[in-house]
Number of protein chains: 2
Amino acid sequence: MAIIVNKEEKRRNIALSCRELLLEHGIDNLTISQIARTAGIGKGTIYEYFENKEDIVFEIITTFISEHEKRLEEISRADIPTREKLFHFFYLLFENETAKRHLNIYKEFLAISLTHEAKEMLEFSEQCREKFIMILNRILETGITSGELDGQMQISASSLVLFGTGLVVDSRLSTCDVEKEIEIFLNTLFGERESKSREKK
Amino acid sequence: MAIIVNKEEKRRNIALSCRELLLEHGIDNLTISQIARTAGIGKGTIYEYFENKEDIVFEIITTFISEHEKRLEEISRADIPTREKLFHFFYLLFENETAKRHLNIYKEFLAISLTHEAKEMLEFSEQCREKFIMILNRILETGITSGELDGQMQISASSLVLFGTGLVVDSRLSTCDVEKEIEIFLNTLFGERESKSREKK
DNA sequence: TTCTTATGACTGACCGTCGGTCAATTAAAT
DNA sequence: ATTTAATTGACCGACGGTCAGTCATAAGAA
């Protein structure tokens with residue numbers, strides 16, 4: 001008989017081999033021919049493992065997002081004040097150049113899932129949202145038990161997620177200073193930060 | 001000589017004649033040929049008045065957004081409680097079917113401006129943001145002078161805008177109940193709503 | 001062991017579609 | 001008649017996606 005390849009594995013390998021290509025070119029300037037060349041296979045072979053271009057890009061982006069989620073979980077478990085956890089939670093995608101490259105891809109992902117109503121992609125987004133809410137709830141709960149958060153203040157994780165989404169989207173605008181916006185928002189939730197000591201040292 | 005047409009006016013007319021077409025098909029499924037046919041002109045003529053497809057779509061969307069801004073201003077000036085103004089501010093794009101069609105186009109606009117870094121489009125987005133902030137500030141200020149808002153609570157308009165952006169984006173997810181999310185968020189800002197009277201009648 | 005054959009893996013030439021271009025045409029003003 | 005703004009649709013190149021055909025190997029027959 002003929003060779004039987006592990007479709008799942010090869011699919012993942014193709015995706016992995018094109019991560020850098022995607023970061024470099026962005027979604028719209030990424031062609032199937034490029035992907036095939038980079039993966040070292042024929043153009044037609046791509047379609048043995050993926051439905052369409054969207055499917056490939058989605059697969060690659062999935063790998064980025066799950067890494068991001070891992071880092072968010074680390075933050076939620078870190079031994080730092082609650083307010084700082086939240087700051088890092090929001091700021092994680094902006095804090096350095098690598099993060100910003102990932103941010104760009106995440107924005108492109110949002111753009112696609114905003115226009116193409118592919119069921120699979122929506123489901124994935126919903127799972128992400130659930131995960132974000134879960135992590136945020138962990139942060140909020142430990143904040144309440146530690147007494148940092150007023151139990152009656154009723155900060156909702158889902159509101160925080162919406163703020164975070166808005167932050168990602170509006171960060172494209174030069175008039176939106178991400179760091180400042182996060183501070184302002186946290187000030188609304190926590191009250192003005194007592195000392196600005198952190199800022200100058 | 002030959003006829004001198006009013007370029008600005010014709011440009012606007014082409015855009016206006018294609019509003020319905022855009023609402024119907026969405027950006028990606030809207031072709032230049034369709035636009036030309038609908039506007040009753042040749043395909044090449046399009047490019048006398050627009051740089052590219054993006055430019056046309058942008059022009060059409062601009063008309064929608066400025067209408068939306070007008071409605072937001074009306075809300076800010078309405079004679080209703082501050083909290084209700086904010087609710088309508090956020091809910092305006094979701095409250096009926098026409099609004100939802102406009103929402104879809106707005107999402108597509110976000111998607112484009114999220115990926116294509118065209119200067120003109122970014123500038124327009126920044127102007128929108130400024131306008132939203134201005135309107136929200138008017139709402140907040142009258143709320144403070146009327147005593148509905150605690151002057152020290154320090155709600156920031158820009159935070160509200162970010163929440164609103166997030167709402168638009170995440171509203172695509174079936175797990176995001178827009179109305180509920182707005183209520184939850186307002187509860188965080190205003191404290192739990194005293195009576196739920198409004199809900200049942 | 002060697003040969004045959006079945007079949008999944010793979011390929012790139014090809015297709016349809018689309019955004020965008022441009023040489024040719026039209027028609028108004030002089 | 002000449003000039004020139006305005007208009008046009010045939011055409012182009014690039015792209016995502018398809019498919020008829022090729023290749024490589026495992027399994028069975030000799």
Side-chain angles (χ1 to χ4, degrees), chain A residues 1-18 21-22 24-61 105 108-109 111-113 115-118 120-121, chain B residues 1-18 21-22 24-61 105 108-109 111-113 115-118 120-121:
Chain A
M1 294 291 191
I3 298 176
I4 306 288
V5 305
N6 183 333
K7 289 251 178 190
E8 258 325 304
E9 190 181 326
K10 181 141 190 178
R11 185 184 156 95
R12 220 173 322 120
N13 284 337
I14 294 174
L16 284 176
S17 71
C18 291
L21 203 65
L22 178 59
E24 202 63 45
H25 294 82
I27 294 174
D28 284 342
N29 296 320
L30 189 67
T31 68
I32 296 291
S33 305
Q34 273 180 322
I35 292 174
R37 227 177 298 129
T38 303
I41 58 179
K43 192 177 163 185
T45 310
I46 298 281
Y47 290 90
E48 287 290 319
Y49 299 93
F50 299 93
E51 286 285 314
N52 48 38
K53 180 179 174 181
E54 199 175 274
D55 197 18
I56 309 170
V57 170
F58 182 50
E59 180 74 22
I60 302 176
I61 287 176
I105 297 301
E108 299 207 43
F109 168 67
I112 293 183
S113 92
T115 49
H116 300 7
E117 312 239 308
E120 194 183 58
M121 200 145 50
Chain B
M1 297 280 196
I3 297 176
I4 306 287
V5 305
N6 183 333
K7 289 253 178 187
E8 256 329 301
E9 190 182 325
K10 182 143 187 176
R11 184 185 156 93
R12 218 171 328 117
N13 284 338
I14 294 173
L16 283 176
S17 70
C18 292
L21 203 64
L22 178 59
E24 201 62 45
H25 294 83
I27 294 173
D28 285 341
N29 297 319
L30 189 68
T31 69
I32 297 291
S33 305
Q34 273 181 322
I35 292 174
R37 227 176 300 130
T38 303
I41 59 179
K43 193 176 161 188
T45 311
I46 298 279
Y47 289 89
E48 286 291 316
Y49 300 92
F50 299 93
E51 287 284 314
N52 47 41
K53 181 181 173 180
E54 200 174 273
D55 197 19
I56 309 171
V57 171
F58 182 50
E59 180 74 21
I60 302 176
I61 288 177
I105 297 301
E108 300 208 41
F109 167 67
I112 293 183
S113 94
T115 50
H116 301 7
E117 312 239 307
E120 194 183 58
M121 201 146 51

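Both backbone and side-chain heavy atoms feed into the values below; hydrogens, waters and symmetry mates do not. Proteins come first, then strands; the chains are lettered A, B, ... in the order of their sequence lines, and each starts at number 1.
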- Message: How close do B:R11 and B:E59 get, counting heavy atoms only, and between which atoms?
- Response: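 Shortest heavy-atom separation between B:R11 and B:E59 comes out as NH2-OE1, 3.0 Å.
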- Query: Can you name the closest pair of heavy atoms from B:I14 and B:F50 and give their distance?
  - Reply: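 Minimum heavy-atom contact is CG2-CE1, 3.8 Å.
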- Task: Give B:F50 one of three labels, base, sugar-phosphate or nothing, depending on what nucleic acid heavy atoms sit under 4.0 Å from its own.
- Result: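 The answer is nothing, as B:F50 stays clear of every strand by at least 4.0 Å.
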- Message: Categorize A:I41 for me: base, sugar-phosphate, or nothing, with a 4.0 angstrom heavy-atom threshold over every strand shown.
- Response: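 If one applies the 4.0 Å heavy-atom cut-off, A:I41 turns out to touch the sugar-phosphate alone, with no base involved.
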- Tell me, please, which residues at least two apart from B:E48 pass salt bridge (charged side-chain N to carboxylate O under 4.0 Å, His left out).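 Residues passing salt bridge (charged side-chain N to carboxylate O under 4.0 Å, His left out) with B:E48: B:K7.
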- Not counting sequence neighbours, which residues clear salt bridge (charged side-chain N to carboxylate O under 4.0 Å, His left out) with B:E24? List them please.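 B:E24 satisfies salt bridge (charged side-chain N to carboxylate O under 4.0 Å, His left out) with B:R101 only.
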- Query: Who passes ring pair (Phe, Tyr, Trp, His ring centres under 6.0 Å) against B:Y49, sequence neighbours left out?
  - Reply: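 Expected list: none.
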Mind calculating the distance between [atom1] ([X]) and [atom2] ([N]) to the nearest angstrom?
X     : N      : atom1 : atom2 : value
B:I4  : D:dT7  : CD1   : C1'   : 14 Å
A:N29 : D:dG16 : CG    : P     : 10 Å
B:R11 : D:dA6  : CZ    : P     : 15 Å
A:E48 : D:dG17 : CD    : P     : 15 Å
A:Q34 : D:dA14 : CD    : C1'   : 12 Å
A:N6  : C:dG8  : CG    : P     : 16 Å
A:I46 : D:dC15 : CD1   : P     : 15 Å

Tell me whether the side-chain N/O atoms of [X] come closer than 4.0 Å to OP1 or OP2 in [N].
X     : N      : result
B:T45 : D:dT8  : yes
B:Y49 : D:dA6  : no
A:K10 : C:dC10 : yes

Every protein N/O lying under 3.5 Å from an N/O of nucleotides 16-21 of chain C:
| unit_1 | atom_1 | unit_2 | atom_2 | d |
| --- | --- | --- | --- | --- |
| C:dG19 | OP1 | B:L30 | O | 3.2 |
| C:dG19 | OP1 | B:K53 | NZ | 2.8 |
| C:dG19 | OP2 | B:I32 | N | 2.9 |
| C:dG19 | N7 | B:K43 | NZ | 3.3 |
| C:dG20 | OP2 | B:Y47 | OH | 2.9 |
| C:dG20 | OP2 | B:K53 | N | 2.7 |
| C:dG20 | N7 | B:K43 | NZ | 3.3 |
| C:dG20 | O6 | B:K43 | NZ | 2.3 |

- Output all residues satisfying side chain to side chain donor-acceptor pair (under 3.5 Å) with B:E108, sequence neighbours left out; order by chain, then residue number.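 Side chain to side chain donor-acceptor pair (under 3.5 Å) list for B:E108, sorted by chain: empty.
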- Measure the angle between the two terminal helix axes of the helix from C:dT1-D:dA30 to C:dT30-D:dA1, five base pairs each, and quote it to 10°.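 Angle reported: 30°, given to the nearest ten degrees.
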Tell me which donor-acceptor pairs under 3.5 Å the side chains of residues 35-43 of chain B have, and how far apart each pair is, sequence neighbours excluded?
| unit_1 | atom_1 | unit_2 | atom_2 | d |
| --- | --- | --- | --- | --- |
| B:T38 | OG1 | B:Q34 | O | 2.9 |

- Could you tell me which residues satisfy side-chain contact (heavy atoms from CB on, under 4.5 Å) with B:N6, sequence neighbours excluded, listed by chain and number?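 Once residues adjacent in sequence are excluded, the partners of B:N6 under the side-chain contact (heavy atoms from CB on, under 4.5 Å) criterion are B:E8, B:E9.
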- Query: Of all residues at least two apart in sequence or in a different chain, which pass the side-chain contact (heavy atoms from CB on, under 4.5 Å) check with A:E51?
  - Reply: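 side-chain contact (heavy atoms from CB on, under 4.5 Å) list for A:E51, sorted by chain: A:D55.
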